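Chain letters run A, B, ... following the sequence lines, proteins first and then strands; every chain starts at 1. As the structure is a prediction and not an experimental result, all values here were calculated from the model.
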Number of protein chains: 2
Amino acid sequence: MTVRYRMEMERERRRLSANDWAEAALSALGKGGVAAVAVEPLATALGTTKGSFYWHFANREALIEAALSLWEQRFTEATISALAAEPEPAARLRMLFTRVSRDAEHNPAAVSVLASADHALVAPVVRRVMERRMAYVVSLFEELGFPPEVAVQRAVLGLTAYVGHNQLAVRLPGLLPLGTQDGLNDYVEAAVALLLHDAPGPSAPATP
Amino acid sequence: MTVRYRMEMERERRRLSANDWAEAALSALGKGGVAAVAVEPLATALGTTKGSFYWHFANREALIEAALSLWEQRFTEATISALAAEPEPAARLRMLFTRVSRDAEHNPAAVSVLASADHALVAPVVRRVMERRMAYVVSLFEELGFPPEVAVQRAVLGLTAYVGHNQLAVRLPGLLPLGTQDGLNDYVEAAVALLLHDAPGPSAPATP
DNA sequence: GTCATTCCATACGCACCCGTATGGAGTGCG
DNA sequence: CGCACTCCATACGGGTGCGTATGGAATGAC
């Protein structure tokens, strides 16, 4: 019965950790890009002041780095590890596209990160992530038996389509005329079918 | 022989017009998004001061609107009118993709505009432009004889691929493994071939 | 309870940008 | 020349965000 609740009606007012700040920064990153990862606005949003922040972090750059690190881990690992179970490369491709297309409009962080790719702290992270994805998709088409040049072309088409889909779905909701969930599913099926067109047998060299 | 050149060695120092400011704003928009369309930085870049700006414009919003209007006109009209000459829809599609893929990496304005699509002044402009493009590409595939649902799917794949291509080429140069110009041309050919796969005859109803 | 440690609130200086006010160059016209 | 008009330079106030300094509250060890 210690008197712990004095004026705590408006907010919890429990103490914050560095991770709380990083999570809030990641959320702000998704909403407004790196420009929104600002100390004082985040402080008021968290119901605290700058004094809390500068106890946990050295400066604003450290906060941006923490948010980016959080994003990179959460995102890359979650997506790729979810596919590791499926042995069939064609099924993995279909699963990948279904998954990312479904999450596209609920994923503003990826859009904001790419939009801030000119920032010195963002550039290496987004490049690392995109290079990993590019290499992964290329290897996927190679595993399907496409010759290297064709695999690269299919992968570029697929990856750029995903990036553009993500951008348009987030920034201009309702623009893509895919209707409801069914329309989106049909689109993914059609797109994957095109990307897999004339697929040779798996792991069969194409030009012997 | 009037003494007109007093201290004009470092800059021309001729008087500026509102259009000069709008052009500089468009350039800044391409480099750093709407955040870079700032009065004082642009003034120093133009070798003048804010006094000049606030003579030609009411405030910063008017400058942003001028830059966006410039971009919308220059861009949409230039691209679409260049295609009006070609009667064959397949050739128009190929020409469209060749053109936009070639210009993709030299077109940072489109990327910045889409990146700033949450801005109140940018949102209606970019939505208008993208809706026009979407409708145009859909009508192109319909003209090729695809049934409406398929035309929409092909158009979505093509447009999102272009948007993603533009983003990646501008923000992460060298990431797309397309090599030199020839590699890009081959990619465009392959992508267009996939998008045109199983095309019915032009203006032939598909499901009679 | 005392006390040291952890964590936060407040106040301050600095820098940047917006918008306004005002005086003064520059130019064309009589 | 003189004068009106166009255009720009400078100075100022307000607002916001970064980073620092410093005192004080909350918490755990004893």
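Taking atom CH2 of residue B:Trp55 and atom C1' of nucleotide C:dG23, one finds them 14 Å apart after rounding to whole Å. Taking atom CG on A:Leu46 and atom P on C:dA9, their separation rounds to 11 Å, with Å as the unit. The distance between atom CG of A:Leu42 and atom P of D:dT16, rounded to the nearest whole Å, is 16 Å. Distance, A:Leu16 CG to C:dA9 C1': 13 Å, rounded to whole Å. Taking atom CZ of B:Phe53 as the reference point, atom C1' of D:dT10 lies 18 Å away to the nearest angstrom. Rounded to whole angstrom, the span from the CG atom of B:Asn19 across to the P atom of D:dC7 amounts to 14 Å.
For A:Glu88 and A:Arg92, the salt-bridge test fails: no basic side-chain N is under 4.0 Å from an acidic carboxylate O.
Using bins of under 30°, 30° to 60° and over 60° for the plane-to-plane angle, the ring pair A:His165/A:Tyr187 lands in the parallel bin.
Ring-centre distance between A:Trp21 and A:Phe57: not below the 6.0 Å cut-off.
Under the 3.5 Å distance criterion, the side-chain polar atoms of B:Arg60 are matched with a main-chain donor or acceptor of B:Val37.
Heavy-atom minimum distance, B:Arg171 versus A:Ala117: CB-CB, 3.7 Å.
Comparing D:dA9, C:dC7, C:dT27 against the side chain of A:Arg15 picks out C:dC7 as the nearest.
Annotation: cation-pi pair B:Arg133/B:Phe75 present, NZ/CZ under 6.0 Å from the ring centroid and within 45° of its normal.
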Report each atom pair, protein N/O against N/O of nucleotides 16-18 of chain C, whose distance is under 3.5 angstrom.
from   : atom 1 : to      : atom 2 : distance (Å)
C:dC18 : OP1    : B:Val39 : N      : 3.0
C:dC18 : OP1    : B:Arg60 : NE     : 3.4
C:dC18 : OP2    : B:Val39 : N      : 3.0
C:dC18 : OP2    : B:Glu40 : N      : 3.1
C:dC18 : N4     : B:Lys50 : NZ     : 3.3

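Regarding contacts with the backbone of C:dA9, a side-chain N or O of A:Thr48 is found under 4.0 angstrom from either OP1 or OP2. OP1 or OP2 of D:dC8 sits under 4.0 Å from a side-chain N or O of B:His56.
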